[in-house]
Amino acid sequence: MPGTTSDIDAPPLLGLPCAVIDVEGAREFAVRAVEGGEFNSVLFANAAKVVMAESDAELRAALFDATLLAADGQSLVWASRILGQPLPERVAGIDYMLDLLQVADSRGWRVFFLGGRDEVLEAVEDYCRRRHPGLIVAGRHNGYFGPERDAEVAAIVRKSDADVMFVGMPSPRKELWIDRQGPATGVSLAVASGGSFDVIAGVVRRAPALWQRLGLEWFWRVVQEPRRLWKRYLTTNSRFLAKVARERLRGR
């Protein structure tokens with residue numbers, strides 16, 4: 001594609017099939033997916049997901065099943081260059097969702113929001129009314145339900161006749177839900193939006209642009225919730241760096 005970088009079938013990077021794709025290529029993928037009418041999924045990888053997938057076989061399988069696995073994490077982009085498998089740029093999940101909302105507005109796509117609390121979803125829909133008055137919100141459903149209701153919720157999405165479904169659940173719940181229930185929803189595109197709902201709703205503040213460019217969004221989150229997150233990120237980042245080092249030595 002002129003002006004874009006796109007290879008969704010690239011060799012695995014740090015054990016995951018990250019697509020060699022830029023932001024524009026990811027947007028064009030979404031357009032083709034919705035126009036094609038068949039089920040497609042977009043999941044995201046970062047340092048934490050690389051580490052998590054090492055010990056979680058179900059998550060790893062779901063990531064391999066994704067139609068497109070994009071790198072949402074500057075550390076993963078840097079690692080790809082160190083390992084000689086360079087990714088063109090980071091495709092941030094929140095930016096991707098905001099971009100697709102605009103595309104959906106202009107193309108008349110029907111969207112469904114799944115996950116988060118009811119008040120957060122209400123705030124997301126209010127944002128859409130203000131920023132994208134032509135956007136068709138086909139429906140919404142909170143993320144507070146157990147596996148026993150998965151099929152029921154998938155049927156609710158199908159009944160809405162949505163084209164695109166944004167899934168804002170924690171990992172690995174969202175990846176597994178999309179992998180197992182996504183085709184039953186009838187959507188053409190399921191996007192793992194993670195914490196994007198909270199950012200759009202104003203519940204969580206996003207890291208400043210400079211922190212994002214420096215790959216320090218994880219540290220921004222630790223600053224916001226130090227007691228809950230410092231140990232998790234210390235452990236995850238250490239394991240990620242060790243994995244990159246091992247891969248680098250193996251490559252040599």
Side-chain angles (χ1 to χ4, degrees), residues 23 26-27 30 34 41-44 46 48 70 72-73 90-146 149-150 152-178 181-182 185 187-209 211-212 217-218 220-229:
V23 172
R27 182 191 308 117
V34 175
S41 61
V42 177
L43 305 186
F44 294 91
N46 54 22
D72 178 2
R90 174 192 181 201
V91 181
I94 174 64
D95 293 331
Y96 192 59
M97 179 175 174
L98 293 173
D99 191 15
L100 290 191
L101 288 175
Q102 183 174 352
V103 176
D105 187 358
S106 65
R107 290 177 174 265
W109 296 349
R110 297 170 60 84
V111 303
F112 194 102
F113 301 120
L114 174 62
R117 304 190 306 273
D118 286 320
E119 58 268 30
V120 169
L121 292 177
E122 185 177 348
V124 171
E125 193 166 344
D126 180 63
Y127 168 91
C128 292
R129 282 194 296 267
R130 288 183 285 105
R131 296 294 185 93
H132 307 289
L135 181 67
I136 305 170
V137 178
R140 69 188 195 214
H141 195 288
N142 66 60
Y144 291 86
F145 58 92
R149 291 193 58 215
D150 282 354
E152 174 192 342
V153 173
I156 291 173
V157 180
R158 175 177 284 275
K159 189 175 180 181
S160 75
D161 198 27
D163 299 299
V164 179
M165 172 178 63
F166 295 101
V167 182
M169 299 176 181
S171 292
R173 170 68 166 153
K174 64 178 177 295
E175 289 85 4
L176 298 182
W177 201 92
I178 289 173
Q181 301 297 328
T185 63
V187 302
S188 298
L189 184 65
V191 181
S193 301
S196 299
F197 291 178
D198 285 340
V199 175
I200 293 173
V203 175
V204 173
R205 290 174 57 204
R206 193 178 181 190
W211 290 50
Q212 295 175 44
E217 280 188 286
W218 65 272
W220 174 262
R221 297 187 190 104
V222 172
V223 171
Q224 305 303 306
E225 299 181 83
R227 290 185 178 181
R228 187 174 74 88
L229 296 179

Could I get the full list of side chain to side chain contact (heavy atoms under 4.5 Å, CB included) partners for [X], not counting sequence neighbours?
| X | result |
| --- | --- |
| Pro208 | Trp211, Trp220 |
| Asp150 | Phe145, Pro147, Arg173, Trp177, Gln181 |
| Glu217 | Arg90, Arg206, Ala207, Gln212, Arg221 |
| Asp161 | Arg110 |

Looking at every non-hydrogen atom in both residues, tell me the closest pair between [X] and [Y] and how far apart they are.
| X | Y | answer |
| --- | --- | --- |
| Ser106 | Val103 | OG-O, 2.8 Å |
| Ala104 | Val111 | CB-CG1, 3.9 Å |
| Trp109 | Leu135 | O-CD1, 4.2 Å |
| Ala30 | Tyr96 | CB-OH, 3.4 Å |
| Ile156 | His141 | CD1-CD2, 3.9 Å |
| Pro133 | Asp105 | N-OD2, 4.0 Å |

Approximate separation, where rounding is to 0.5 Å, of [X] [atom1] and [Y] [atom2]:
| X | Y | atom1 | atom2 | result |
| --- | --- | --- | --- | --- |
| Arg107 | Asp163 | CZ | CG | 11.5 Å |
| Ser193 | Ile178 | OG | CD1 | 7.5 Å |
| Asp95 | Leu100 | CG | CG | 11.0 Å |
| Thr185 | Phe112 | OG1 | CZ | 9.5 Å |
| Ser196 | Leu98 | OG | CG | 7.0 Å |

- Query: Side-chain contact, heavy-atom cut-off 4.5 Å: Phe44 with Lys174?
  - Reply: no

- Pairwise side-chain contact, Ile94 with Ile200, heavy-atom cut-off 4.5 Å (strictly under): yes

According to side chain to side chain donor-acceptor pair (under 3.5 Å), who are the partners of [X], at least two apart in sequence or on a separate chain?
| X | result |
| --- | --- |
| Arg158 | none |
| Arg131 | none |
| Ser188 | none |
| Glu119 | Arg117 |

- Message: Assess the residue pair Phe166 and Val124 against the criterion (side-chain contact (heavy atoms from CB on, under 4.5 Å)); give the C-alpha distance rounded to whole Å, side-chain angles, the decisive distance to 0.1 Å, and a yes or no.
- Response: CA-CA 11 Å; Phe166 295 101; Val124 171; over 6 Å; no

- Tell me, with the steps shown, if Asn142 and Val120 meet side-chain contact (heavy atoms from CB on, under 4.5 Å). CA-CA 9 Å; Asn142 66 60; Val120 169; over 6 Å; no

- Set of salt bridge (Lys or Arg N to Asp or Glu O under 4.0 Å) partners for Asp99, sequence neighbours left out: Arg27

- Is Arg149 atom CZ crowded by more than 12 heavy atoms from other residues, nucleotides or ligands, each under 6.0 Å away? yes

- Message: Going by salt bridge (charged side-chain N to carboxylate O under 4.0 Å, His left out), name the pairs with one or both residues in residues 133-146, residues two or more places apart or in two chains.
- Response: Glu125-Arg140

